[in-house]
There are 2 protein chains.
Amino acid sequence: MATTPDRLEKVILRLRERNCRITPQRIAILKAFLDSNEHPGIEQVYRQVQTRFPTTSLATVYKTVALLKEMGEILEIGFPDGQKRFDGNKPFPHPHIICEHCGVVLDPDTSQVDTLIAEIADNTGFKVTSHQIQLIGTCPSCLKNPF
Amino acid sequence: MATTPDRLEKVILRLRERNCRITPQRIAILKAFLDSNEHPGIEQVYRQVQTRFPTTSLATVYKTVALLKEMGEILEIGFPDGQKRFDGNKPFPHPHIICEHCGVVLDPDTSQVDTLIAEIADNTGFKVTSHQIQLIGTCPSCLKNPF
DNA sequence: CTTCGTGCAAAATTTTTGCACGAAG
DNA sequence: CTTCGTGCAAAAATTTTGCACGAAG
């Protein structure tokens, strides 16, 4: 599992506070996000949810994703190739590094993002509220086993 | 004009080297990219080109954009809200800062991108070949005149 | 019992493709 | 003259919407 069980409970609580109904579909979709470190896309979540609830419709996935995104419980990640994927485990801006060969996505640790933002804010006069940082390259494993 | 006239000539030369035909549509689409600092999207380029060549089709714009992208003469920028836009003036990875109120996009100067990449490469063992960095916030002008 | 969320189908977008004609070289 | 690129229309892919029924509370 990618998250503490806690996280699921907390989101359910927030749904309740909003007077949103707790349906099996919503739970399943939410779990699909929380249990995956693969930064899945809509289609991928849909297929995952369908294994347990075969009648779930794509429309419901879209609607639930919109809801969770609006609540800030999942973060949309625009991949450089145009794919739209989501991060349900760290739903706040953070850098990603993507292997262009095998597709793996990591959330690297770094102390430099704040420095970068501070410098750009300083140079432009912008107040920066959010960001999106994607690095593309080759992962260590693909470096060792070239295709 | 956003670029030196030079740039247009150079791209045309590269098209020729590839044995691609130099058509008025291609020139018009290319100019639309080179003459704009607004990081336009497909639809915006289409509308721009249509003012001079009303019969130009959207399919041609898509095809030409694919060609120029493949040649590395324009760079696709995935905006955080999912928009796909392009930069024809600096077709290499560089950071953008976007005002979420008025939509203005700047290419800020910074010396910190290399530092950030170096640290992440170091921490993950990836070889980094490209990147995409978008900062979102409020521009100085919108800070002064809140909506 | 009273909404709200779902599933379905239709619609609206967005992007891609096939093909015949006209243009570039 | 010989491709190649264009425009058109159709197709495919993606996302949104309207609505009636069933489920949550």
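What's counted below: heavy atoms across the whole structure, side chains too, no hydrogens, waters or symmetry copies. The chains referred to below are lettered A, B, ... by the order of the sequence lines, with proteins before strands, and numbering in each begins at 1.
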Checking base pairs now: Watson-Crick or wobble, both atom distances under 3.5 Å. What partners [N]?
{"N": "dA11(C)", "result": "dT15(D)"}
{"N": "dG25(D)", "result": "dC1(C)"}
{"N": "dA20(D)", "result": "dT6(C)"}

Looking only at side-chain N and O atoms, does [X] come under 4.0 Å of OP1 or OP2 in [N]?
{"X": "Q25(B)", "N": "dG7(D)", "value": "yes"}
{"X": "T55(A)", "N": "dG7(C)", "value": "yes"}
{"X": "T23(B)", "N": "dT6(D)", "value": "yes"}
{"X": "T60(B)", "N": "dG7(D)", "value": "yes"}
{"X": "Y62(A)", "N": "dT15(D)", "value": "yes"}

When the distance from [atom1] of [X] to [atom2] of [N] is rounded to whole Å, what number comes out?
{"X": "N19(A)", "N": "dG25(D)", "atom1": "CG", "atom2": "C1'", "value": "10 Å"}
{"X": "R16(B)", "N": "dG5(D)", "atom1": "CZ", "atom2": "C1'", "value": "16 Å"}
{"X": "R85(B)", "N": "dT14(C)", "atom1": "CZ", "atom2": "P", "value": "14 Å"}
{"X": "R26(A)", "N": "dC4(C)", "atom1": "CZ", "atom2": "C1'", "value": "8 Å"}
{"X": "R18(A)", "N": "dG25(D)", "atom1": "CZ", "atom2": "P", "value": "16 Å"}
{"X": "Q44(A)", "N": "dT14(D)", "atom1": "CD", "atom2": "C1'", "value": "16 Å"}
{"X": "F53(B)", "N": "dA23(C)", "atom1": "CZ", "atom2": "P", "value": "13 Å"}
{"X": "L58(A)", "N": "dC8(C)", "atom1": "CG", "atom2": "C1'", "value": "12 Å"}

May I ask you to say what I42(A) touches in the nucleic acid, namely base, sugar-phosphate or nothing, with a heavy-atom cut-off under 4.0 Å?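 I42(A): no heavy atom of the nucleic acid under 4.0 Å.
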Is a side-chain donor-acceptor pair under 3.5 Å present for T110(A) with E119(B)?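 Side-chain D/A pair, E119(B) to T110(A): present.
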Pair M71(A), K69(A) - check side-chain contact (heavy atoms from CB on, under 4.5 Å), show working. CA-CA 5 Å; M71(A) 290 173 66; K69(A) 198 167 67 171; over 6 Å; no
With the side chain of A59(A) defined as its heavy atoms from C-beta on, choose the nearest nucleotide among dT17(C), dG25(D), dT17(D).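 Closest of the options to the side chain of A59(A): dT17(D).
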Non-hydrogen side-chain atoms of K63(B) and Q25(B) separated by less than 4.5 Å: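 No, too far: nothing below the 4.5 Å cut-off.
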Does this structure show an ion pair linking E73(B) with R7(B), if we count only N-O contacts that are shorter than 4.0 Å?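 Looking at R7(B) together with E73(B), the answer is yes, because their closest N to O distance falls below 4.0 Å.
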R26(A) and C20(A): side-chain contact (heavy atoms from CB on, under 4.5 Å), yes or no, with the steps? CA-CA 10 Å; R26(A) 284 188 174 159; C20(A) 289; 3.6 Å; yes
Starting at the 5' end of DNA chain D and moving along, which residue's nearest nucleotide shows up first, K63(B) or R21(B)?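 Checking each residue's closest nucleotide, the 5'-ward one belongs to R21(B).
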Identify, between I22(B) and K84(B), the residue whose nearest nucleotide on DNA chain C lies closer to the 5' end.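 The residue closer to the strand's 5' end, by nearest nucleotide, is K84(B).
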